[in-house]
There are 2 protein chains.
Amino acid sequence: MSSTTTNADELMKTRDKILLASLELFNEQGERNVTTNHIAAHLAISPGNLYYHFRNKSDIIYEIFQEYEKLVDYYLDIPDNRPLNLDDMTFYLESVFDGLWSYRFLHRDLENLLDRDQRLRTDYQRFTNRCLAAISRIFEKLADGGVLEPQPEALRAAMSLNVWLIVTNWMAFLKTAHAEKTSACMTLRELKQGIYQVLTLEIPYVMPAYREQVMELREKYRPMIPEQTGEPVDVVG
Amino acid sequence: MSSTTTNADELMKTRDKILLASLELFNEQGERNVTTNHIAAHLAISPGNLYYHFRNKSDIIYEIFQEYEKLVDYYLDIPDNRPLNLDDMTFYLESVFDGLWSYRFLHRDLENLLDRDQRLRTDYQRFTNRCLAAISRIFEKLADGGVLEPQPEALRAAMSLNVWLIVTNWMAFLKTAHAEKTSACMTLRELKQGIYQVLTLEIPYVMPAYREQVMELREKYRPMIPEQTGEPVDVVG
DNA sequence: GTATTATTAGAGTATATACTCTAGGGAGTC
DNA sequence: GACTCCCTAGAGTATATACTCTAATAATAC
C-alpha cells in the first residue's frame, strides 16, 4: 500500500499526482478552501488536465475516501482465532490515529461532504458500522485475553460508540481548542493524545492484573494543554 | 430568556428578525448553505436592509454565538453551596442538549467558523474551558451527593473532556449515520439519545445505591438505530 | 509514415455570493 | 414646509469557483 509519500513528481501518473496533491492540500487547508484550480496550480497543470482525469471534485474526494476506507479496514482486521492483548490494543489505537491523521480532512467537513455526495454518504455509513463492529470485537477479544472485564453486548456497543465519537472528533477538538488561527499547526503527536482519552474511557473495565500497565501506557499519551488539564506534563519522552 | 419562538413577524424589530431567521435557516440548512441574500429573501427584505443592521455575515453568526454562550452559561451555573443529586444531573443533561439543539448549526461547521472569525475563536475557546470546568464540577458535586464515586482531579478532567466530546459531537454522528440525504430530518428526541451515551460513560462510577436509578434513567434515552445497536427499542414511552 | 488514441494547455463561462451604493420613504420636530 | 434621523429598497459589483471547450501535442498501433 504505497501512500502519503510526498515528492514523486516525475515518477507518478498525473491522475495519482492529482489524488496525492488533493489529499495534501485538503489536509492542510481544508477541503472547503482548496479549489480544483488550486490543485491544478499546485501541480503546475491546467484545469482542463485535471478535469480530464476526474469528472468533478466530488470524484476526487470519493476516491480518496476509498483509499482511507481500505487503509482502516486493513488495520481493523481483527483476528478471530486468538484473544487480544495489550500490544494489540496499542497497535489498533496507534494505527487508527495514524490513518485519521493521513486523511484528516475527511473528518473535518464531513457533513457537507456527505450532503453533496450520496455515494459517500452510504459508503461512510457502512464504514462507520464496520468500525463500530470492529471496536466492539476488540473489546470482546480483549476480554477473552483477560485484559478487560467481559461486558454484555449492549454495553460494548454503547462503549464502542463512545470510543468512535472520541476518536473521530478528538482532532476537531484540538483545532478548536487551540488559540492560534492557523489550524494547520497540529502534529501527529498531539493527535495521538486522543489515545489518552480513549484509555480514560477504558480504565474502569481494565482487569486488576493489567491496571498498572494500562495506566503507564496511558501516561505516555498524556495531553499537555495547559489551560484545562492542570499542570502541563512532558509527553512520550 | 425568550428565544427560538418562530413567528413574530410584525412585533419584532428588523434586526432581531434577521438574527432569528438566520438561526433558523442556519440550523435547518447549515451556515454554509445559507447566504445573506437567502436570509433577506426569507424575511422579504432587501440585502441592503440586512447590511444596514449587520456589517457582515460573521457579525450575525457572532451575535448568535453570544446568545448561545449566555444560554449555556446560564444552564451550567453550578450551585456551590450544596451537593448535586440525580435530578440535578438530569436537568443539566437535558438543558445542555436543549441548548445544543437550538443552536445546532454552530457545532456543525465550527472549524470553518473559527477560521474565519478570530473573535469567535478566542471566545469559543474560553467557552469550551468554562464548560469543561463546569462538567468537572458537576462530577465533583455528584460525588459529594453520593451519586458518583469521588475521583482524583486529573481523572475528572479527562472524563469531562470525554463527556464534552460526546455531547458536542453526538449530533454530527447522528447526521452522518443517517442514510437519508436530508440532514434536516433529526429530532430533539433523537438528539437526546446522546444522554444515553453520556450515562454509559458514567456507569462504572455510579455508587451502588444509585446504580439502578441511573440505569433506569439511561434506558429512557436508549437509541433505536437498528443497524448497529442490535434490537431497536421503543424510546421514552 | 499514418491513423488513432491518450493526454495536456489554457482561455473561457455560468453561477454564486458577500457586500456596496444611491436614492428615497416615513416619522417626528421646529 | 423643511430638516433630520432611522430605516429600507434594489440594482449593481468584485470576486471566486466548479467546470467546459477547442485545439494542440505526445504516445501508440498498424
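Atom set for the values below is all heavy atoms of this structure, side chains included, hydrogens, waters and symmetry mates excluded. Just so it is clear: chains get the letters A, B, ... in the order the sequence lines come, proteins before strands, and each one is counted from 1.
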### Separation of D:dA18 P from A:Leu50 CG (nearest whole Å)
10 Å

### Message
Check A:Glu69 with A:Arg126, please: is the shortest side-chain N to carboxylate O separation under 4.0 Å?
### Response
no

### Query
When the nearest nucleotide of DNA chain C is assigned to A:Asn37 and to A:Ala44 on a heavy-atom basis, which residue is associated with the more 5' position?
A:Ala44

### Query
Looking at B:Glu31 and B:Arg108, does any basic side-chain N land under 4.0 Å from a carboxylate oxygen?
no

### Query
Which nucleotide in the list D:dC7, D:dT17, C:dA18 gets nearest to the side chain of B:Thr35?
C:dA18

### Minimum-distance nucleotide (side-chain atoms of A:Thr36 versus D:dA18, C:dA9, D:dC7)
D:dA18

### Query
Any salt bridge between A:Asp123 and A:Arg130, counting N to O under 4.0 Å?
no

### Message
Check the phosphate of D:dC19 against A:Tyr51, side-chain N and O only, distance under 4.0 Å to OP1 or OP2. Yes or no?
### Response
yes

### Query
Which nucleotide in the set D:dA11, D:dT8, C:dA9 lies at the smallest distance from any side-chain heavy atom of A:Ser46?
C:dA9

### Query
Can you tell which of C:dG10, C:dC19, D:dA18 lies closest to the side chain of A:Lys57?
D:dA18

### Most 5' of B:His38 and A:Ile45 on DNA chain C, judged by nearest nucleotide
A:Ile45

### Summary
Testing D:dA9, D:dC6, C:dA9 for proximity to the side chain of B:Tyr52, the answer is D:dC6

### Query
Is A:Ala41 touching bases, backbone alone, or none of the nucleic acid, heavy atoms closer than 4.0 Å?
nothing

### Separation of D:dT8 P from B:Leu43 CG (nearest whole Å)
11 Å

